[in-house]
Amino acid sequence: MALVDCNNFYASCERIFNPVLEGQPVVVLSNNDGCIIARSEEAKQLGVKMGVPAFEIKSLLEKNNIAVFSTNYELYGDISQRVMTILAQFSPSLEIYSIDEAFLDLTGIRTDPDEFGKKIASTIRKWTGIPVTIGIAPTKTLAKLANHIAKEKGWWGLVLDPSREDTVDRWLQAIPVEEIWGIGPQFTTFLNRYHTLTACDLKKAPEKWVRQHLGVVGVRTVNELRGQPCYTVVNVPAERKGLCVSRSFGKTTTVYEELEQATTAFVATVAEKLRKQKSVAQALTIFVMTNRFAKGPHYVNGITVKLPVATNSTIEMIHHTVKALKKIYRKGYNYKKSGVIATEIIPENTLQCALWDDVDREKHKKITAIMDNINARMGKGKVKFAIQGTQRGWKMRQEKLSPAYTTRWDDLLTIDITKEIQDC
DNA sequence: TCTGGGGTCCTAGGACCC
DNA sequence: TCTGGGGTCCTAGGACCC
């Protein structure tokens, strides 16, 4: 089992097309330019912490001349795909675990793991410009830990060989429990209270006690630490159980129409995603909320509606969204965020007809197909429904957005070589 | 002034069934 | 006075992940 993890992924993506940033501190912000969500090694060294609001460390960023970027998901998603495509060439069994991580099943691979890992790392680096770290071990949890150790040491990767239990244990003794995959803040507090401080301590904890306090998930984690696999590489991604699109607004609004424009735009994206994966939803949850950090009256509310017929039609979903929104909207609040969650998702082809169905589904299908087509060719959001509005007063702040170098023709990198030619 | 977004799995308890 | 035993399904909430 190998875990390949891209180093400081978003920051590394920004560097690909901006090589002057090599060796320089770089950070990437969350939506609305809110929090720090990625940091280059140099930024970490300067004490920039993960997840802190950017405004809190404004002077730190400025003083150290740290390059700051708005999140550019379009770019990162595309680079991710390229990395995963390359990884797929190394093993027939690949699980894309997140945008910057993948597990590889190494069963049947004859090459020495050390050599194999190095080869993967150098290939990704060469072909995409993204540096990666690789952890190799008998279980996912141990591969994660191996990866963690290698990252801390600045190595290409690390192979944890289970036949050398003493060496494995020595590594585990150096790792605090909170670094273990599956051990979060709550479990850490609990374990530390009982003097279980390191990965090695947890590995040796009695199963009954673990079962009682950390549940079956905890037992699996312990077994995995002991080298007994509880999780396998999942090749084909399971069907999504829910699909959520929600955003905080660039600025709050009290106006119903603005809330409606934003929320119908979100549901349009939900429907589009459903169509893309050829599935339909049977229920829809619509929610709104005020700024949880702000003073003043707070309001959070949501409604789940069962759809009369499972659907992925934007038209139909907008209809239900507006109805729900009108029910939960209360005048006088400063709305900061809204969202739409599709649930009870099933494949499109299992669609059942309702007895009384006055929706012309064939027509909806044609319209949405045409819209999807245009938007795929001309750019996202080129054609949309009137209710989504054109003002986008709610749209998120992205003041430091880099170009979508690899996915938009207009953003293609141009290099001016006239000077070089003249110099010749 | 400014504080992200999108997921998974497990468990306990209630409603209901025979 | 005395009041079984065994299920299922659903939901909300908690814990975790990136």
Side-chain angles (χ1 to χ4, degrees), chain A residues 3-10 27-38 49-59 61 68-73 76-77 80 95-103 140-141 144 147-148 177-191 210-221 224 230-231 234 237-252 262 266 269-270 273 277 283 285 287 289-296 298 302 304 306 334 336-345 395-400:
Chain A
L3 172 69
V4 182
D5 193 322
C6 301
N7 300 349
N8 317 322
F9 184 55
Y10 293 177
V27 297
V28 178
L29 305 177
S30 64
N31 280 347
N32 272 321
D33 294 344
C35 301
I36 307 286
I37 54 166
K49 297 268 180 287
M50 185 68 174
V52 295
F55 72 86
E56 280 180 11
I57 56 162
K58 202 169 167 227
S59 63
L61 295 172
V68 179
F69 289 94
S70 301
T71 185
N72 185 345
Y73 189 79
Y76 313 149
S80 170
E95 176 182 341
I96 299 171
Y97 181 66
S98 76
I99 193 164
D100 70 336
E101 271 176 78
F103 288 104
K140 281 185 167 178
T141 306
K144 273 268 191 189
N147 194 296
H148 172 81
V177 283
E178 62 258 45
E179 305 295 349
I180 302 167
W181 190 44
I183 305 297
Q186 301 297 316
F187 288 174
T188 299
T189 310
F190 172 81
L191 290 170
V210 174
R211 173 72 186 83
Q212 196 182 345
H213 295 104
L214 307 187
V216 290
V217 184
V219 174
R220 283 179 202 144
T221 299
E224 287 240 322
C230 297
Y231 303 104
V234 183
E239 295 282 325
R240 288 255 167 285
K241 300 197 167 151
L243 202 163
C244 172
V245 174
S246 75
R247 292 283 179 282
S248 296
F249 309 144
K251 51 177 194 266
T252 58
F266 301 156
T269 310
V270 167
K273 284 186 177 179
Q277 62 178 45
T285 300
F287 67 88
M289 57 178 77
T290 50
N291 186 351
R292 65 199 161 100
F293 297 104
K295 292 195 201 83
H298 286 205
T304 301
K306 291 268 175 193
N334 272 310
K336 175 65 176 171
K337 179 177 180 175
S338 73
V340 179
I341 310 166
T343 48
E344 296 177 42
I345 297 168
K395 97 170 179 292
M396 65 179 169
R397 255 196 332 277
Q398 281 188 306
E399 285 166 8
K400 324 245 172 170

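Chain letters run A, B, ... following the sequence lines, proteins first, then strands; residues in each count from 1.
Nucleotide B:dT11 holds its P atom 13 Å from the CD atom of A:Q212, rounded to whole Å. For the pair A:R240 CZ and B:dC9 P, the computed distance is 10 Å after rounding to whole Å. Rounded to whole Å, the distance from CD1 on A:I180 to C1' on C:dA15 is 15 Å. Across the protein-nucleic acid pair, A:E399 atom CD and B:dC2 atom P stand 13 Å apart, rounded to whole Å. The CD atom of A:Q186 sits 11 Å away from the P atom of C:dC17 (whole-angstrom rounding). For the pair A:W181 CH2 and B:dT8 P, the computed distance is 14 Å after rounding to whole Å. Atoms CD1 (A:I99) and P (B:dG4) sit 18 Å apart, rounded to a whole Å. Atom pair A:L29:CG and B:dG4:P shows a separation of 12 Å (rounding to whole Å applied).
Here B:dT8 is the nucleotide among B:dT8, B:dG6, B:dT11 with the atom lying nearest to any side-chain atom of A:K241. The side chain of A:R292 lies closest to B:dG4, out of C:dC16, B:dG4, B:dT3. Of the listed nucleotides (C:dC18, B:dC10, B:dG5), B:dC10 has the atom at the smallest distance from the side chain of A:R220. If you check B:dG6, B:dG4, C:dC18 against the side chain of A:S248, the one that comes closest is B:dG4. Which of C:dC16, B:dG7, B:dT3 sits closest to the side chain of A:P185 comes down to C:dC16. With C:dC17, B:dG6, B:dG5 as the candidates, the nucleotide lying closest to the side chain of A:V245 is B:dG6. Of the candidates B:dG4, C:dC18, B:dT3, the closest approach to any side-chain atom of A:I37 belongs to B:dG4. With distances taken from any side-chain atom of A:R211 to the nucleotides C:dC18, B:dT11, B:dG5, the minimum falls on B:dT11. The side chain of A:F187 has C:dC16 as its nearest neighbour among B:dT3, C:dC16, C:dC17. Comparing B:dG7, B:dT3, C:dC18 by their nearest atom to the side chain of A:C35 picks out B:dT3.
Checked against the 6.0 Å centroid criterion, the rings of A:W181 and A:F103 qualify as a close aromatic pair.
Nucleotides of DNA chain B nearest to A:F249 and A:I341 differ in position, and the one nearer the 5' end is that of A:F249. Heavy-atom nearest nucleotides on DNA chain B were determined for A:M50 and for A:C244, and the one closer to the 5' end corresponds to A:M50.
In this structure a side-chain-to-backbone donor-acceptor pair under 3.5 Å is present from A:N32 to A:S248. At least one donor-acceptor pair under 3.5 Å links the side chain of A:E224 to the backbone N or O of A:C230. Of the possible donor and acceptor atoms, none in the side chain of A:E178 sits under 3.5 Å from a partner among the backbone N and O of A:I183.
Note: A:Y10 and A:Y76 have parallel aromatic rings, judged against thresholds of 30 and 60 degrees for the angle between ring planes.
Residues A:E95 and A:K140 are paired through a salt bridge, judged by an N-O separation under 4.0 Å between the basic side chain and the carboxylate.
Among the heavy atoms of the strands lying under 4.0 Å from A:K336 are primed sugar atoms or P, OP1, OP2 only; no base atom is included. Note on A:V216: only backbone sugar-phosphate atoms sit closer than 4.0 angstrom, heavy atoms only; bases stay farther off. No contact: A:D33 has no heavy atom under 4.0 Å from any strand. Among the heavy atoms of the strands, none lies under 4.0 Å from A:K140. Using a 4.0 Å heavy-atom cutoff across all strands shown, A:G242 reaches sugar-phosphate atoms only and no base atom.
Remark: A:K337 is not in phosphate contact with B:dT3, judged by side-chain N or O atoms under 4.0 Å from OP1 or OP2. At least one side-chain nitrogen or oxygen of A:S246 sits closer than 4.0 Å to the OP1 or OP2 atom of B:dG6. An OP1 or OP2 oxygen of C:dC18 is reached within less than 4.0 angstrom by a side-chain nitrogen or oxygen of A:K144.
With both ends at atom C1', the span from B:dG4 to C:dC17 equals 15 Å, rounded to whole Å.
B:dA15 and C:dT8 make up a base pair, with Watson-Crick or G-U wobble contacts both under 3.5 Å.
In this structure, A:K336 and A:M289 have side chains that are not in contact, with every pair of non-hydrogen atoms separated by 4.5 Å or more.
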